[in-house]
> 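First, the structure itself, so that you have it in front of you.
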Amino acid sequence: MPRVPAVPHVIYGADYNPEQWPPEVWREDVALMREAGVNLVSLGIFSWALLERAPGEFDFAWLDEVMELLHAGGIGVNLATATASPPPWLSTLYPDSRPVTVDGVRLEVGGRQLYCPSHPGFRAHVATLVRAMADRYGTHPAVQLWHVGNEYGCHIDQCYCDTCAVKFRAWLRARYTTLDALNAAWGTAFWSQHYGEWAQIQPPRRAPTYANPTQQLDWRRFSSDNILELYQLEAGILRDVTPDIPVTTNFLGFLPGLDYFEWATHEDVASVDAYPDPAAAHPHLEAGMIFDLTRSLRGGQRWILMEQATSAVNWRAINAPKAPGLTRLLNHQALAHGASGIMYFQWRASKAGAEKYHSALVQHPGPQRTRVWREVVAFGEELRTLTPLLDARVRARVGIVFDWHSRWALELDSKPAQLSLMPLVQAWYAALRQLGQNVDFVHPGGDLGAYDLLVMPNSYLLTDADATNVRAYVQGGGHLVTGFFSGIVDGHEHIGLGGYPASLRDVLGLWVEEWVPLHPDELTHVRFTGAATPVPATTWAEVIHPTGAEVLATFQDGYWQGGPAITRHVSGQGQATYIATQLPEQSLMDVLRGALTDAGMPHTTLPPHLDVTLSETQGGLILHLLNAHRADPVQVTVPGTLHTLDGQPLAQPLTLEPYGVRLVRVPAGFSVADITVVAGRH
Ligand code: GAL
């Protein structure tokens with residue numbers, strides 16, 4: 001896939017908010033950007049109120065000047081459409097353009113993202129502003145990329161106002177055509193919910209008790225589509241006026257509200273904001289998941305890390321700084337996982353406003369006086385040597401199934417237990433990374449044939465088409481490992497009858513009679529065949545009847561004692577493993593290791609703080625070794641002759657200092673099974 005944008009260097013930069021500073025500072029900024037190796041800034045994201053001070057009264061003079069200064073300094077611009085936060089005049093002009101919460105509260109001015117995505121007046125002003133920006137700057141030589149909006153849905157992912165209700169009904173008409181079809185899909189025979197007219201249908205506002213689950217699910221789908229329509233309004237104008245400038249909008253990792261698999265098809269390049277908590281045990285695992293998702297959204301195309309903090313953020317209860325070296329480590333991790341740009345929020349730390357305690361490249365004490373500045377400048381220098389990575393391809397043979405619709409359905413109320421998807425996905429992701437695997441995220445309806453191993457920590461909802469796709473993957477020779485409570489409902493969130501999970505029973509070779517959700521402090525125990533002692537498991541147990549599946553482990557407690565806990569079943573040319581509980585880390589790794597072996601895939605066992613990625617370039621394989629441990633070094637050996645990126649021979653063992661990074665050219669035929677950790681294993 002071509003590089004987007006087509007620049008010959010790794011992108012390095014930040015959000016730049018010059019409107020918060022007087023013009024003298026702009027000049028200093030450009031000089032400092034050059035010093036830091038910055039080559040792209042995201043400009044104008046929150047500038048609407050100062051670009052259009054009153055309806056139709058545009059003032060581009062200040063932005064013209066900033067654009068010229070940047071261009072003269074050789075800094076490219078990722079130009080925002082400036083629509084992320086409408087000015088106060090807009091909500092005065094259209095009081096009903098303010099979004100409404102599930103409880104019917106209309107939100108007030110004073111924050112940001114204060115808009116109802118459906119409001120026709122808001123949309124008209126958006127369209128006018130975007131066209132004005134494109135007309136004015138579309139031919140400016142500094143502009144390399146369009147930055148549409150900002151983190152759509154980060155604050156407002158659902159608006160429950162009357163305008164949205166009207167649009168919801170239109171969306172439902174397009175989906176179901178007839179009310180009979182809608183009534184059937186929503187199961188409205190239950191609780192006297194039958195609809196006789198479209199006008200009776202409302203968003204799932206606060207109701208006396210559980211709102212209809214399919215109504216809620218369709219509402220989430222509509223809300224993602226509706227905000228996407230807003231993005232497309234802007235992207236359409238930009239493509240019309242400047243067809244040669246690529247378009248992106250910054251995603252926010254696993255943001256709950258938007259179906260990024262759908263959204264990403266409407267971008268030219270994916271970009272993402274990642275804010276792992278530096279105080280977490282393994283911030284690099286949180287970041288790595290986001291990076292791998294972003295690469296996966298557009299089929300492996302390289303992507304841009306659009307925002308991250310240089311150090312602390314301002315929005316957690318406790319905002320830990322990034323210790324020296326962590327920013328560099330995470331930047332290398334982004335590059336290893338497929339980024340072609342490394343950017344930060346923001347260039348210069350604000351002195352006023354809600355984000356004044358958020359870190360930046362230029363911190364409050366002033367440039368050149370902080371270790372954060374020294375670190376970002378050093379990394380800008382280092383990046384100049386990393387251009388070969390721009391053509392690297394991260395190929396994953398393991399796919400984790402992920403689908404926003406299934407997540408929405410799983411996390412609705414009225415279930416056997418309240419389950420959250422992300423902790424399950426995180427545990428499986430961490431296990432696969434420790435087994436040395438490059439990992440993609442893949443939609444259950446996607447091209448599964450690319451993967452030797454497919455894992456589904458949980459896919460509660462599988463549409464008929466997606467279930468057919470997953471079954472065909474297994475029967476055609478694929479290896480599947482799936483977790484509990486997967487394949488339970490169809491696309492309408494109706495349960496498949498005849499023994500759970502109806503859509504996967506045949507490939508799993510079993511049926512489930514009962515679920516036993518466990519309380520947070522409750523354990524069940526699982527004994528692997530041949531193991532002396534059982535292991536404690538959490539969250540869930542089941543009563544399972546094998547219909548051909550081999551039992552790998554059994555439950556040891558309660559009335560479900562002696563029944564299967566983990567099974568494996570040959571189905572067609574492939575096989576499917578089922579895990580009916582939440583296993584501790586080592587046991588989950590054991591099961592996944594077994595599945596990798598069965599699939600004929602190389603694997604190893606790495607300490608959790610060692611991030612290993614293999615990428616492919618025209619010039620051969622590159623092994624990215626990152627030690628995310630803050631205190632201890634790691635040493636590894638790899639058979640064969642190793643070289644640096646620029647071709648110098650490397651001595652072994654390879655030592656990685658705390659937060660250390662090694663980029664190693666490894667011989668053709670290298671596999672992760674060749675890595676031996678000789679010191680630093682925890
Ligand atoms: C992002 C947002 C930025 C800034 C940043 C602070 O979510 O896009 O504008 O608010 O968070 O961490």
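Both ligands and their constituent atoms are indexed starting at 1 by order of listing. Treat the numbers as computed from the prediction; the structure is a model and nothing was measured.
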> So, Asp64 and Arg136, do they make that salt bridge, N to O below 4.0 Å?
yes

> Using distance alone, decide if ligand 1 has a nitrogen or oxygen within less than 3.5 Å of any nitrogen or oxygen in Asp15.
no

> So is Arg348 actually on top of Trp21's ring, under 6.0 Å and inside 45° of the axis?
yes

> Tell me which part of Asp273 gets within contact of ligand 1: side chain, backbone, both or neither, using heavy atoms under 4.0 Å.
side chain

> May I ask you to check whether over 12 heavy atoms, not counting those of Arg369, lie within 6.0 Å of atom CZ?
no

> Is there a donor-acceptor pair closer than 3.5 Å between any side-chain N or O of Trp26 and the backbone N or O of Pro18?
yes

> Taking both backbone and side-chain atoms of Asn250, is any N or O found less than 3.5 Å from an N or O belonging to ligand 1?
no

> Is there a ring pair (Phe, Tyr, Trp, His ring centres under 6.0 Å) between Phe441 and Phe254 once you walk through the steps?
CA-CA 11 Å; Phe441 287 89; Phe254 290 83; 5.3 Å; yes

> Relative to ligand 1, is Arg316 under 4.0 angstrom through side chain, backbone, both or neither, heavy atoms considered?
neither

> Given that the side chain starts at C-beta and the backbone is N, CA, C, O, which of these parts of Leu252 lies under 4.0 Å from ligand 1, counting heavy atoms, or is it both or neither?
neither

> With a 6.0 Å cut-off on the ring centroids, do His332 and His624 count as close?
no

> Which atoms of ligand 1 sit under 4.0 Å from any heavy atom of His358?
6 (C), 12 (O)

> For ligand 1, which atoms sit closer than 4.0 Å to a heavy atom of Glu355?
4 (C), 5 (C), 6 (C), 10 (O)

> Could you tell me which atoms of ligand 1, counted from 1 in the order shown, lie closer than 4.0 angstrom to a heavy atom of Phe46?
9 (O)

> Nearest to atom 7 (O) of ligand 1, what protein heavy atom do you find, and at what distance?
Glu151 OE1, 2.3 Å

> If you define the side chain from C-beta out and look only at heavy atoms, does anything of Trp404 sit under 4.5 Å from Arg221?
no

> Among Trp315, Tyr275, Tyr344, which one puts a heavy atom closest to atom 5 (C) of ligand 1?
Tyr275

> Between Gln301 and Asp268, is there a donor-acceptor pair closer than 3.5 Å when you use the side chain of the first and the backbone of the second?
yes

> Counting each atom of ligand 1 from 1 as listed, which ones have a heavy atom of Asn150 under 4.0 Å away?
2 (C), 8 (O), 9 (O)

> Counting only heavy atoms closer than 4.0 Å, does ligand 1 sit against the backbone of Gln346, its side chain, both, or neither?
neither

> Checking His337 side chain against Ile290 main chain: does a donor-acceptor pair fall under 3.5 Å?
no

> Does an N or O from Asn314, backbone or side chain, lie closer than 3.5 Å to an N or O of ligand 1?
no

> Tell me, which protein residue and heavy-atom name are nearest atom 1 (C) of ligand 1, and how many Å apart are they?
Glu307 OE1, 3.0 Å

> Give the residue, atom name and distance (to 0.1 Å) of the protein heavy atom nearest atom 9 (O) of ligand 1.
Arg112 NH1, 3.0 Å

> Check whether any side-chain N or O of Thr327 sits under 3.5 Å from a backbone N or O of Thr310 as a donor-acceptor pair, and report yes or no.
yes

